[in-house]
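Structure first, commentary second.
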Amino acid sequence: MDYLEQIEHKSIHIIREAYSNFKNLAMLWSIGKDSTVLLWLARKAFFGHVPLPLVHIDTSYKIPEMIEYRDRLAMEWKLNLVYGQNKEALANKNTFPDGNATRIECCSQLKTKALQDTLHGIGTRYKIDHDTGKYEIWSNNEPFTGVIVGVRADEEGSRSKERYFSPRNVENNWEISAQPPEFWNQYKTEFAPGTHVRIHPLLDWTELNIWEYIERENIPTVSLYYDQGEKQRYRSLGCYPCTLAVESCAKNPVDIIEELKTGKFANIAERSGRAQDKDDGGGLESLRKGGYM
Amino acid sequence: MERMNIVVVGHVDHGKSTVVGRLLVDTNSLPEGKLAQVKATCEKNAKPFEYAFLLDALKDEQAQGITIDAARIFFKTAKRYYVIIDAPGHIEFLKNMISGASQAEAALLVIDADEGVQENTRRHGYMLSMLGIEQVVVLINKMDLVDYSEKVYDNIVKEYQDFLVKFGLKVDIFIPVSGREGDNITQSSSHTPWYKGKCVLEILDLLQKKPQPVDFPMRMMVQDVYKFTGQGDRRRIIAGTVDLGVLRVNDEVIFYPEGKKSQIETIESFSSDNKTAVTAGYSTGFTLKEQLYVKRGQLVTRSVDPAPECTSRILVSLFWLGQKPLKRQKIYTLKYGTAKVQFSIEKIHKVLNASNLEQFDNTDEVSHHSVAECVLKLQQTLAFDCANFSVKTSRFVIVDNYEICGGGIIREAVKDQYANIRDQAILRNYKWERSMISQLRRAEKYNQKSTLVLITGCKEVGKKTLAKILESILFNDGKFVYFLGIGNVLYGVDADIKNNVDSQNEHFRRLGEIANILLDAGAILLVTAVEIRQKELDIIKLLVNPDKIVTVWVGDSVTTGIEYNIKVKGIPAIDESVSQVKSFLQEKGVIFSAI
Ligand SMILES: Nc1nc2c(ncn2[C@@H]2O[C@H](COP(=O)(O)OP(=O)(O)O)[C@@H](O)[C@H]2O)c(=O)[nH]1
């Protein structure tokens with residue numbers, strides 16, 4: 001059993017634990033490489049099926065290729081895709097691209113708030129119809145009590161404090177010091193009414209592991225990750241006003257793996273292309289406490 | 001590249017973070033510019049630079065000055081990747097240390113040369129041995145503060161070794177280091193010419209990775225049973241992770257604690273490659289040749305393997321992390337693999353203070369941060385392994401009030417009063433000649449789930465009336481249903497023991513066996529008996545799948561300690577009582593409501 005297989009099978013075990021223990025369970029799919037690996041692992045865990053809704057938060061500023069790719073896979077893999085959006089903030093132009101909010105405020109409106117409302121069932125949920133390929137309002141607005149999320153420990157200081165099963169209290173707060181212990185494949189799967197739990201099957205994975213796995217399994221990913229001849233590509237995906245491409249000639253996962261191992265990115269953090277992280281030192285940490293992943 | 005998880009433990013302020021920070025710097029594992037950035041911040045705030053700051057990624061944490069969670073830190077050598085789990089030493093955070101250590105393959109235990117062995121130095125050492133971490137490297141840190149004195153070093157080594165040996169942990173690797181000055185971390189130091197051993201980094205690379213336990217009897221716990229019907233899928237897949245050994249197509253397998261057997265038909269995977277075997281460590285799934293009633297928490301073995309223990313009393317060693325003490329007379333939940341069972345403490349043999357190994361006998365509770373040896377009384381039979389068979393599959397955790405509050409290993413299976421009945425049932429299941437018609441097909445045909453409805457209560461409350469009316473209603477609905485008064489058994493099957501005063505258990509054993517046959521035939525069986533006690537229900541539960549038993553108490557006064565599912569009035573409101581039981585059966589999915 002090689003290392004990649006070890007983390008793969010541990011992740012699958014965790015995904016199945018979540019499925020067996022949470023009645024209202026969803027998985028976040030940001031379209032990025034991490035949550036797409038997560039989706040792939042779910043298909044493995046459930047032998048080709050994905051028996052839980054996939055939630056996507058559409059800020060409306062996502063790079064168009066991302067949405068095309070999302071809808072294509074949703075149809076092909078018969079995914080229960082659900083998206084949510086902060087319609088109000090968009091209507092009021094309360095956003096960074098409109099010049100009415102800082103990057104951090106914009107994130108907290110279009111991502112954090114939209115996500116919380118969608119998960120709690122307060123915000124409208126739109127679900128794909130596999131016959132038409134169109135989205136329709138989903139009648140289910142029960143809150144999700146378990147949400148599977150593709151965060152990795154190596155991404156960022158604050159994320160390295162996470163647990164595999166990480167409870168949030170009623171206010172969505174993340175009480176770092178109150179986290180329950182996890183040991184021996186035993187996770188916090190019982191919870192008081194009102195709590196919900198974030199489940200992190202990819203905690204042990206690094207950016208490099210993600211690419212090695214994408215390469216090994218031949219997982220379809222958005223073309224934005226690869227240089228299309230312009231000598232640049234995205235290393236991490238987000239909204240176009242805040243995500244910068246990096247200079248790179250990597251054209252496929254093999255090139256990216258090489259670049260991460262030996263090339264110029266070997267010692268540079270992945271999120272360096274995300275402008276909002278630079279706005280304030282502890283920005284990500286404050287966003288995380290508020291529920292943004 | 002290979003990868004190894006390492007936990008760093010030790011008393012607070014003995015230098016864990018400093019040693020790790022030093023390892024990161026000296027192996028060039030920090031992100032570009034990080035060191036300079038932290039140094040600049042220190043300068044700006046007129047604070048001396050500390051290697052420990054490198055790890056303090058969290059704002060909160062810097063404010064508190066202690067590393068509060070089992071953070072993960074990555075670095076690599078020419079040989080492999082290391083994941084350092086920086087376990088905090090503050091006493092409040094013992095739970096974090098345990099969650100860190102439980103994932104680790106080796107431990108670095110840091111002792112301040114100046115302060116010497118402290119409370120947590122001892123506690124952590126004991127916990128490491130209980131958590132089954134065999135590779136422990138002890139770093140005597142801050143050697144610069146004691147002038148790199150060999151004597152100070154030797155004394156601490158001796159004191160600590162004497163402590164560890166008391167509970168059988170053998171550690172022979174000790175290294176004198178200074179995290180701050182970098183002595184013996186990534187290269188041998190000239191300050192300690194008397195030390196002939198290797199530096200920390202070299203020692204790390206010499207540690208062994210434990211291989212997956214493949215050469216073992218097979219063990220897998222059922223995680224779930226999947227039947228996803230999308231896209232015409234008809235597979236009924238039993239999913240789980242193989243804990244020990246190898247599972248192959250065509251293996252005869254047994255599901256414990258019931259002891260039911262079947263054969264592996266296919267090993268399933270997502271891609272279409274036809275797997276014929278799967279080994280320990282892999283999450284997998286298989287289909288069976290003969291369908292059985294399988295559920296989460298069952299333990300699967302092959303019939304060629306030694307059988308697991310099956311009982312409801314276990315002798316365990318445990319550690320307790322709960323704020324409130326672990327007490328007798330309280331109900332807790334035990335999680336063993338994917339099984340979950342409620343229990344109470346039957347007896348506390350001894351409680352140990354893990355920092356000085358002081359022992360208390362005859363106590364009534366296990367307090368925060370103690371270690372104890374206890375007998376647990378489980379509310380259901382559990383199938384498990386003991387630590388002398390395999391530590392990995394002997395582990396459990398305890399949940400109290402939604403939180404994991406403790407954990408431990410099962411030392412011994414203790415006989416309970418039902419041992420004989422259980423053994424007979426396991427053998428009976430193993431020998432059972434299965435017909436070609438599966439339980440599932442019967443259930444489909446009769447449009448019902450076979451179930452034993454135990455109707456009990458005081459005398460003359462209308463048990464039989466209720467049962468007979470219910471029987472007629474279900475019969476008229478087309479159900480396969482049968483009423484059996486206990487008297488019908490008493491004068492026939494039980495004729496030989498009818499007058500024995502001490503044969504109450506045997507009556508219920510026979511009733512259980514009859515019920516088992518009728519349930520296997522697919523029936524809904526309605527049994528009436530006066531004042532059934534929990535003890536008797538327990539016997540029936542050993543013989544009939546507990547999920548297929550519904551207990552109804554008739555009448556207002558409940559005179560036994562039985563845990564019933566539903567209580568109804570009986571005579572004063574017989575029709576209402578009947579429909580209450582019927583709706584309960586519908587709710588439970590035994591029969592289906594005709595909306
Ligand atoms: N003189 C000296 N001080 C050290 C050494 N290692 C750590 N310290 C100091 O001991 C204090 C606690 O260290 P830290 O690494 O935070 O301890 P932790 O609580 O075990 O993580 C800090 O002030 C360090 O500077 C050492 O090797 N020599």
Side-chain angles (χ1 to χ4, degrees), chain A residues 1-3 5-13 15-17 19-20 40 43-51 78 153-154 156-163 167 176-192 195 203-204 206 217 266-269 272 281-282 285-286, chain B residues 1-3 28 30-32 56-61 68-74 81 83 92-93 95-96 98-99 101-103 131 212 223-224 226 228 230-231 233 235 237 239-241 268-270 279-283 285 296 321 333 335 337-338 392 395-397 399 401-404 407:
Chain A
M1 193 170 205
D2 66 23
Y3 177 66
E5 279 181 309
Q6 270 176 44
I7 52 175
E8 173 188 23
H9 286 269
K10 180 171 182 182
S11 301
I12 292 175
H13 185 86
I15 292 171
R16 288 176 174 174
E17 280 300 284
Y19 184 69
S20 297
W40 187 264
R43 297 179 79 215
K44 283 202 156 185
F46 306 118
F47 305 96
H49 303 266
V50 185
K78 298 272 177 285
D154 76 324
E156 166 64 35
S158 75
R159 290 188 185 191
S160 71
K161 305 284 167 173
E162 286 280 13
R163 293 278 168 78
I176 302 163
S177 55
Q179 289 196 67
E182 284 179 326
F183 44 95
W184 304 332
N185 272 347
Q186 294 290 359
Y187 308 99
K188 180 184 166 80
T189 50
E190 15 287 304
F191 58 103
T195 339
L203 220 48
D204 294 333
T206 62
E217 299 280 311
N267 280 317
I268 299 179
S272 54
E285 176 71 9
S286 0
Chain B
M1 193 147 70
E2 194 178 87
R3 171 173 146 138
N28 277 324
L30 287 174
E32 221 170 71
D56 296 341
L58 279 174
K59 273 204 263 184
D60 282 15
E61 193 186 280
I68 59 164
D69 195 358
R72 277 154 274 223
I73 295 149
F74 302 80
Y81 275 102
V83 181
E92 241 92 271
F93 302 122
K95 64 175 195 186
N96 294 309
I98 289 170
S99 65
S102 78
Q103 303 165 44
L131 292 165
Q212 287 288 339
Q223 205 171 2
D224 220 330
Y226 297 138
F228 302 118
Q231 290 120 68
D233 197 339
R235 295 173 296 178
I237 303 175
T241 301
E268 293 293 331
S269 57
F270 161 58
T279 57
Y282 288 89
S283 52
R296 182 173 161 91
L321 305 170
T333 303
K335 295 213 277 183
T338 58
K392 185 179 170 193
R395 292 168 172 160
F396 63 87
V397 301
V399 177
N401 193 23
Y402 310 113
E403 299 291 347
I404 295 178

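These numbers come from the heavy atoms of this one structure, side chains and all, not from hydrogens, waters or symmetry mates. Numbers restart at 1 for each chain; the letters A, B, ... are given by sequence-line order, proteins then strands.
- When Tyr226(B), Tyr282(B), Tyr81(B) are compared by the number of non-hydrogen pairs under 4.5 Å with chain A, Tyr282(B) comes out ahead.
- For the options Met1(A), Lys44(A), Glu8(A), heavy-atom pairs under 4.5 Å to chain B are most numerous at Met1(A).
- Remark: the Gln223(B) side chain and the Tyr19(A) side chain contain no N/O donor-acceptor pair separated by less than 3.5 Å.
- For Phe396(B), the part lying under 4.5 angstrom from a heavy atom of chain A is the backbone only.
- Among Arg43(A), Gln6(A), Lys10(A), the residue making the largest number of heavy-atom pairs under 4.5 Å with chain B is Arg43(A).
- Here the closest heavy-atom approach between residue Phe47(A) and residue Glu268(B) is recorded as CE2-O, 3.5 Å.
- For the ring-ring contact (aromatic ring centres under 6.0 Å, His included) test, residues two or more places apart in sequence or in another chain that qualify with Phe191(A) are Phe22(A).
- With sequence neighbours left out, the side chain to side chain donor-acceptor pair (under 3.5 Å) criterion links Tyr3(A) to Arg3(B).
- By number of non-hydrogen pairs under 4.5 angstrom with chain A, the leading residue of Thr338(B), Thr333(B), Val399(B) is Val399(B).
- With a 4.5 angstrom heavy-atom cutoff, Asp233(B) touches chain A only via side-chain atoms.
- The part of Tyr187(A) that comes within reach of chain B is its backbone (N, CA, C, O), which places non-hydrogen atoms under 4.5 angstrom from that chain.
- Counted by atom type alone, Ser283(B) and His9(A) present one or more donor-acceptor pairs between their side chains at under 3.5 Å.
- Only the side chain of His49(A) has a heavy atom closer than 4.5 Å to any heavy atom of chain B.
- Panel note: side chain Glu5(A), backbone Asp2(A); a donor-acceptor pair is recorded below 3.5 Å.
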